[in-house]
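Please read the structure below before turning to the comments.
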Number of protein chains: 2
Amino acid sequence: MTVTLNNIATELGVSHMTVSRALKGDPAVAEKTRNRVLDTALKMGYRPNASARSMRSGQFGTLGLLAGSITSYLPGMLMRGIRDGCEKLDLHLQIDSITQEQADDSSYLPRFLQYACVDGLMVSYTGPNAALANHIQQQRLPAVWINDRQTHNAVYPDEIQGGKIAAEHFINHGHRRVGYAALNLTDHFSTNDRLAGINQTLTASGLSEAQRLDGHLASGSEIDQSGMPVLLRMLQRPDRPTALICRGQADATCAYAAAMQLGLRVPEDLSIVAFSDKPILDVCALPIDTLVIPFRTLGEKVATMTHQLTQDPSHQVASETIAYGKIESAGSTTQPTLS
Amino acid sequence: MTVTLNNIATELGVSHMTVSRALKGDPAVAEKTRNRVLDTALKMGYRPNASARSMRSGQFGTLGLLAGSITSYLPGMLMRGIRDGCEKLDLHLQIDSITQEQADDSSYLPRFLQYACVDGLMVSYTGPNAALANHIQQQRLPAVWINDRQTHNAVYPDEIQGGKIAAEHFINHGHRRVGYAALNLTDHFSTNDRLAGINQTLTASGLSEAQRLDGHLASGSEIDQSGMPVLLRMLQRPDRPTALICRGQADATCAYAAAMQLGLRVPEDLSIVAFSDKPILDVCALPIDTLVIPFRTLGEKVATMTHQLTQDPSHQVASETIAYGKIESAGSTTQPTLS
DNA sequence: TTGTACGCGTTATCAC
DNA sequence: GTGATAACGCGTACAA
C-alpha cells in the first residue's frame, strides 16, 4: 500500500540510496537519473515516512502544547504566536489538554506526555502544578511554562508595566479617581501585578491608590450577572471613580452594561480601559479602549525558548517577560467631567 | 542521553525483550523481574521512543487539523469536539494553518502535508480548494472536510434546519415580519441555507419571505462600523421587521448597538436571535438569544470519520449533517408590540 | 519464563 | 555517480 524508497528503487532498477539522494536534491546525482526518480516518485505517490526519518534524526520536529482548556482559555493570539514561532523554526505543533484536576493528580500520567511525538512541551496552566511538573520532568521532556511567573523556563507578560501604562493613560487625561475592577475570582499573578503597577504610578503622581471593585463571578460561566451588583453599588457612590481599569474583557463589558443601566455615559461620565487579548470592539462591538495583552509576541517567544531547550536540554533558561504596547483606542476615554 | 530498552536491559543483565514485556504488563514475566524492571525504568527515566513504535505499527496515532486561521476562525467548541473525539479514539492531535492564498496555490505544497507525523487530516476551509484537495490526494492522506457541503468525506451542520428553528421561534411568538441580517461578505453555504430554511418556514405559515439586511463589512476586521448604516436604514423604515435573525455574532451585536442608537428597545421593539458558536451572553454580556452551532458534536464526528478513513483509506465515506439543538434564551425575544 | 533474530524506512558512511 | 551496509529502537515470531 504505502510507497517506499525501495519500491521506487526496484521499479527503476537502481538502489534506494540513489532515490533518496535524488529526492533531497543531492547534486551528486545525474541529471536524468534525478528526473526519472522524481517522475516515478510523483507517479507512485511517494510519501516520506516520518517515523523512519524521526528514528534516524532522533527528533520529531514537533512541539507539544498542553493547555487547561483548549476551548476558552487559550487566547487566539497566543495560538497564533506559537504557530508562527513554530513555522519560523520549521517545527510542527501538537496540542492536547487535561483538566486542572488531572494536572493536580500525581497518579495521572497523561497519555500525551508519554506517547506523543514531540520533542518539547509548552505548558499553559494557571497556578502551581507540582504534580504535572513532576511528570514532565520524569519524562525528561523539555518544557516551557506559558504566562507563569517562574524564574526559569517561563515566558509571561510584564503585568506591572501594563498596569503602569493603564494608569498613566488616565493620569494624562486628567483623572484623579481611578478604579480597578477585578470581578473574576482568580489567583493568577496578573491580577495583583496589574494593580501593583497601577498603584505605583498613581502614588508617584500624588494620587490615592486605585479603588478596588472586587467581586465574585460564579466560576464556570465566563460572565455572570452576579458581578453586576458590586459594580452598581460602587458606581453610585459619590466618590466613585471617574475612570475604570478592568482586569479583563468580562469586567469591562459588565462595567459598560452597569454604566448604561445607571444612565452614566461612557466616556463622559465614566472612562474605561480594559486588559484583553483582543480589542474588545472587535469582539462584541462595544467601544472600549483595550490594552492588548502581548500574547502573540509571547507565543513566538515560547516556541523559540522551547526549541532552544530542545537543542540543549541540560541547561535551564532564564525566564523572559514580554512588554505591553500601546492602548488601542475605541473611544471610551476622555477627561473627567468636573463635579 | 536517551534511555532505551537495551540500556535498561544491560543494566539489569537481561534482554531488551524482558524489559519490553515487563513494561507493557505482560503476565508472562516473573513478578520480581517485573518489579526490578519497573524500578530501574523509572530510575533511569525511560521514555518509550515514539518513532520506533510508529515505525513498527505503521501508524502515528495522530490526526492533523489544517485550518485557515487558527486565530479567529476556529471556533473553540469545534476544537473541543475534535479533541474529545480524538481522546475517545486514543489519538493525538496536531494542528497547522495555511492562508487561503496558499491553499489556492497549486505550486505550494505545505510542509505539513508532506512531513507531519499524522495518519489523517481534518480540513477546515470555506469555499472550494481544488489546489489543496489535489495536494492532499496526491499525498495519499485520508482527509475529512469540516463544515463544507460535499457529498463525501465531510461533516457540516444542517443549516436549513437551523433556519427553520429560528423562524419557528419567532412565528411561535407571534411575529409576522422577520428580517435576516447577513452583514458579512461571505459565500459560505450556511448564509444561504439558513435563509432558505427561514423562508421555507415563513411561507409555509403564509408569511412573506424574510426581509434581507445585506451589507458589506470590510473584510479583515471582524466587526466594522460600515455595516451599521445598513442596519440603521432598515430599522427606521415603517415596515421594518419586528424580529431579526442574525447570521452571526457580529451581525447580532451590530444590530443590538443599532437598536440602542435608534432608541429601540430589545426585545420590546425588536426581538433578536443569532447563530453563533457560543451563547453571545457569555461572550460579551449582551443578552441576545443564541442558536448555538453544534460545533462540538460536529468536531467529534469529524474525528471519528477521519479515524474511520484512516483505518480503510480505500473507501470514501458519505458526508453527515449535524442537527441544531434549541435556542439558548437570554431575553431578547418577546411578542411583537402591535403597531 | 526468558532470549535471539529479524524487519520496519530512512539516512550516514564508506567503497566502488 | 552509484551501490552496499549498518544503524536508529521497538515488537513479532519463534526458539530455548
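- Of all nucleotides listed (D/dG1, C/dT10, D/dG9), D/dG1 comes nearest to the side chain of A/A30.
- Looking at A/K88 and A/E300, a side-chain N of the basic residue comes within less than 4.0 Å of a carboxylate O on the acidic one, giving a salt bridge.
- Taking atom NZ on B/K24 and atom C1' on D/dG9, their separation rounds to 14 Å, with Å as the unit.
- Remark: P of C/dT11 and CG of A/L5 are 6 Å apart, rounded to the nearest angstrom.
- Of the candidates D/dC10, C/dT11, C/dT2, the closest approach to any side-chain atom of B/T4 belongs to D/dC10.
- Comparing the end axes of the helix from C/dT1-D/dA16 to C/dC16-D/dG1, each fitted to five base pairs by superposing C1' atoms of four pairs onto the next four, gives an inter-axis angle of 40° (nearest 10 degrees).
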Every protein N/O within reach of nucleotides 14-16 of chain D N/O, cut-off under 3.5 Å:
none

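- Atom-to-atom, CZ of A/R36 to C1' of D/dT2 comes out at 13 Å; the value is rounded to the nearest Å.
- For A/M17, counting side-chain heavy atoms from C-beta on, the closest listed nucleotide (C/dT10, D/dC10, C/dT11) is C/dT11.
- Rounded to whole angstrom, the span from the CG atom of A/D26 across to the P atom of C/dT13 amounts to 13 Å.
- To the nearest angstrom, C1' of C/dT10 lies 15 Å from CD of B/Q114.
- Closest contact between the side chain of B/R56 and the listed nucleotides C/dT2, D/dT12, D/dG3 involves D/dT12.
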